[in-house]
Structures are given as structure tokens and as C-alpha cells.
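One structure is given below, encoded as C-alpha cells.
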Amino acid sequence: MAMISWSFGLVALVPFASYLVLVALLTIPVIQNQAVYLNAVRLTWGKDLLNPEPWGFLRNQVRPFTIKTTDNETLLAWHILPLEIYRQDIDTLSAEPPGLLPDSQTGHAFKMLKEDRETLLVLYFHGAAGTLGSGWRPASYRGISASGPIKIHIVAIDYRGYGLSTGSPSESGLLTDAVAVTRWAIDVAGIPSSRIVIFGQSLGTAIAVSLAHHMAKQSPPVHFSGIVLVAPFADVALLTATYKIGGTLPLLSPIARFPQLHVDIKQMADEGQASGHGTLVWTRGLLE
């Protein structure tokens, strides 16, 4: 009987031991990055991001193009035309060859965006995992456009390391990406910031807020028409305590039941950050 109880005890420890191994693995920068950004989980396998039509768009209603960042990464972007504007020039637009534009300034869609002084432009920053064509994101673009079908254009990007964009995601890198698409909108497309709305979802809310803060500090300051945040997190402590990888696997919430272990992990995170080893910065927020 004692042997059976001991065996059951070992079995019960397996999930807990596996969880501790997972937490330890998350101190490795490469694994940590995947847990945060999930950029390797594309969710659009077998689909061509350079041909958006199968996502329910009309021919050339969405024009894929690329944007270069200041650190020489290449970002894939979609320019989604509002439906009524598209219908006004459907013959011209549908006659153009589909696929990736050789230059962001070529094509009739760009001309329509640049020349219409009533245009509103939404810069869309999506959440973790997937690509700009994953899940409900295409439906979200259509929903936003439907609120102003004669004037709301959308430009959505895949951050570095997502989809067909080059590089690897990082906090500073994603801000650089957001600044790149903003500068493209203002400097290349000629849309003043007073006609630009920043839209962020989940992870994208942090990018949207960081972008707004960064641009407001420029000289002269750049202020947008508005910012829309969908599924933001209130603070780092709450995010750390409730975050689930892929929406299913809890990260640090089980540790919250053990205060001393909580303190030990925070100390490990502090030491790791000080030494530059990239240990989970989130864990610092858990007890703050």
C-alpha cells in the first residue's frame, strides 16, 4: 500500500515538475521570444499573403507592398481599400496585375489614397501569433472599412519575423516597425497625422501606445486623430499573473499560490536583467 501511495505521489509530481521545466526554459531568450510573440505560429500555412483575394476581398481591393525600416528590415503590408471607393474605379483597379507591388507608390490604389484629401487612414497593429491574414483579422479590416466605406483606408503590417517580413521580433524592433509604417503614411502617402487613426489589438495595443508616445516626443510633436485599443492589458503584473501561452497554457499564475517561490523567481529575473541574460522581464512585474 505504501508503494502504491508513493507511486501515485510521483505521478502527481510530474505535471508540476514539467511546469517548472517550462518556466526554466522560458529564461532562454529564443524560447522566451516565441512565448511572447508566437511569430512562428503563422496560422496561414498554405495561403499566399501576396494574393489576398481568397480571404474574401475583391480583385485588387487589397494591394500588398513592402516597407523598409531604418534598420533595413523589410515588412509586408496590405493596403485595404474601402469598398465604395473601390467600386468607383473597379475597372482600373481590377485591370492591374495582382500580387506584390514592385514599389509602394505604384498602382492606382496608392494614387487614390494620396490624392483624396478626405481620406482617413487606419494603421492596424495586430496581436501575437499568425499573420495579417490570420483568423478574424481580414474580417476586422472589413468591419473597420464598413464604418466609413467611402473614405476609410487601412494599412496593416506584419511585424519583423511575422509572415513574409524579415528579421526577428523584439520590443525595440516592433516600435521601429510601427514608426516605419507611420513615416510611410505621412512622408510617402502624404496623409497628415490628423487623418490617421492608430488601431492596436492585444500585443498591438502595447505597440500602438508606444508609437503614440514616441511620436509625441518628436520635434515637432506628431499627434494622431485617435487611438483604438482592443483587448489591452491593464498593467504588467496583471498580464504576468493571467497570461496563457496560445490562450491555453498558463505561464506564471500557478506560482502565485506560493509566495516564497514567487519572490525567488522575481529575484532571478532581476539578476538576469542586470546581467543582460534576457530572463523574463514579465516576472518582475508579478510582485510589483
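- Residues Leu174 and Leu123 share a hydrophobic cluster, clusters being chains of Ile/Leu/Val/Met/Phe/Trp/Tyr side chains in contact below 4.5 Å.
- Proximity of Leu93 to Met112: side-chain heavy atoms (C-beta onward) are separated by under 4.5 Å at one or more points.
- Of all heavy-atom pairs between His153 and His79, the closest is ND1-NE2, 2.9 Å.
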Quick one, Val188 with Ile67, criterion side chain to side chain contact (heavy atoms under 4.5 Å, CB included). Give me CA distance, side-chain angles, the key distance, then yes/no. CA-CA 11 Å; Val188 179; Ile67 296 173; over 6 Å; no
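- Met215 is listed as a side-chain neighbour of Arg183, based on a closest heavy-atom distance under 4.5 Å.
- Cluster membership for Tyr86 and Phe110, using ILVMFWY side-chain heavy atoms within less than 4.5 angstrom, is not shared.
- Between Phe199 and Tyr124, the ring planes lie parallel to each other; the angle is under 30°, not in the 30° to 60° tilted range.
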Please assess Leu113 against Leu81 for the test side chain to side chain contact (heavy atoms under 4.5 Å, CB included), listing each intermediate value before the final yes or no. CA-CA 8 Å; Leu113 171 66; Leu81 281 165; over 6 Å; no
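- Note on Tyr162: it does not cluster hydrophobically with Trp55, by side-chain heavy-atom contacts below 4.5 Å among ILVMFWY residues.
- Between Thr66 and Ser104, the shortest heavy-atom contact is O-CB, 4.2 Å.
- In this structure, a donor-acceptor pair under 3.5 Å is present between the side chains of Asp158 and His126.
- Side-chain atoms of Ser193 come within 3.5 Å of backbone atoms of His223 as a donor-acceptor pair (strictly under, hydrogens ignored).
- The line from OG1 of Thr92 to CG of Asn60 is 11.0 Å long, rounded to the nearest 0.5 Å.
- The distance from the CG atom of Leu76 to the CG atom of Leu50 is 6.0 Å, given to the nearest 0.5 Å.
- Summarising the geometry, atom CD1 belonging to Ile90 is positioned 13.0 Å from atom CD1 belonging to Ile85; distances are rounded to the nearest 0.5 Å.
- With a 6.0 Å radius and a threshold of 12 heavy atoms from other residues, nucleotides or ligands, Glu53 has its CD atom above the threshold.
- Atom CD of Gln61 sits about 12.0 Å away from atom OG of Ser94, to the nearest 0.5 Å.
- Ser225 has its side chain out of reach of Arg195: every pair of non-hydrogen atoms, C-beta onward, lies at least 4.5 Å apart.
- Closest approach of Pro52 and Leu49 over heavy atoms only: CG-O, 4.2 Å.
- Checked by atom type and distance alone, the side chain of Thr205 never pairs as donor or acceptor with a backbone atom of Gln201 at under 3.5 Å.
- The salt bridge (Lys or Arg N to Asp or Glu O under 4.0 Å) contacts involving residues 84-111 comprise Arg63-Glu96, Glu84-Arg87, where partners must be two or more places apart or lie in separate chains.
- Side-chain contact check for Tyr159 versus Leu75: every heavy-atom pair is 4.5 Å or farther apart.
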Passes side chain to side chain contact (heavy atoms under 4.5 Å, CB included), Lys151 versus Thr119? Steps please. CA-CA 5 Å; Lys151 63 179 181 180; Thr119 288; 5.6 Å; no
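- Geometric assessment of Arg160 against the ring of Tyr37 yields a negative cation-pi assignment under the 6.0 Å and 45° thresholds.
- Side-chain atoms of Ser202 do not come within 3.5 Å of backbone N or O of Val230 as any donor-acceptor pair.
- In this structure, Arg142 and Ser145 have side chains that are not in contact, with every pair of non-hydrogen atoms separated by 4.5 Å or more.
- Scanning both residues, Leu132 and Ala156, for their nearest heavy atoms gives CD2-O, 3.5 Å.
- Proximity of Ile227 to Leu229: side-chain heavy atoms (C-beta onward) are separated by under 4.5 Å at one or more points.
- Across all their heavy atoms, His214 and Leu175 have their closest contact at CB-CD1, 4.2 Å.
- The same ILVMFWY cluster, assembled from side-chain heavy atoms under 4.5 Å apart, contains both Ile80 and Leu100.
- Phe224 and Ile152 fall into different hydrophobic clusters, where Ile, Leu, Val, Met, Phe, Trp and Tyr side chains are chained together by heavy-atom contacts under 4.5 Å.
- Within the 4.5 Å cutoff, the side chain of Trp184 has heavy atoms near those of the Phe65 side chain.
- Residues Val122 and Val228 form no side-chain contact, since every pair of their non-hydrogen atoms from C-beta on lies 4.5 Å or further apart.
- Atom CD1 in Ile144 sits 12.5 Å away from atom CG in Leu120 (nearest 0.5 Å).
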Report the C-alpha distance between Phe125 and Val181 in whole Å, list the side-chain angles of each, state the deciding distance to 0.1 Å, and finish with yes or no for side chain to side chain contact (heavy atoms under 4.5 Å, CB included). CA-CA 10 Å; Phe125 300 106; Val181 68; 3.8 Å; yes
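- Pairing each heavy atom of Arg59 with each of Pro97, the nearest pair is NH2-CA, 4.5 Å.
- The one candidate from Thr182, Val155, Leu121 that meets the side chain to side chain contact (heavy atoms under 4.5 Å, CB included) condition with Ile191 is Leu121.
- Counting heavy atoms of neighbouring residues, nucleotides and ligands inside a 6.0 Å radius, atom CD of Gln218 exceeds 12 of them.
- A donor-acceptor pair shorter than 3.5 Å can be found between the side chains of Thr44 and Thr131.
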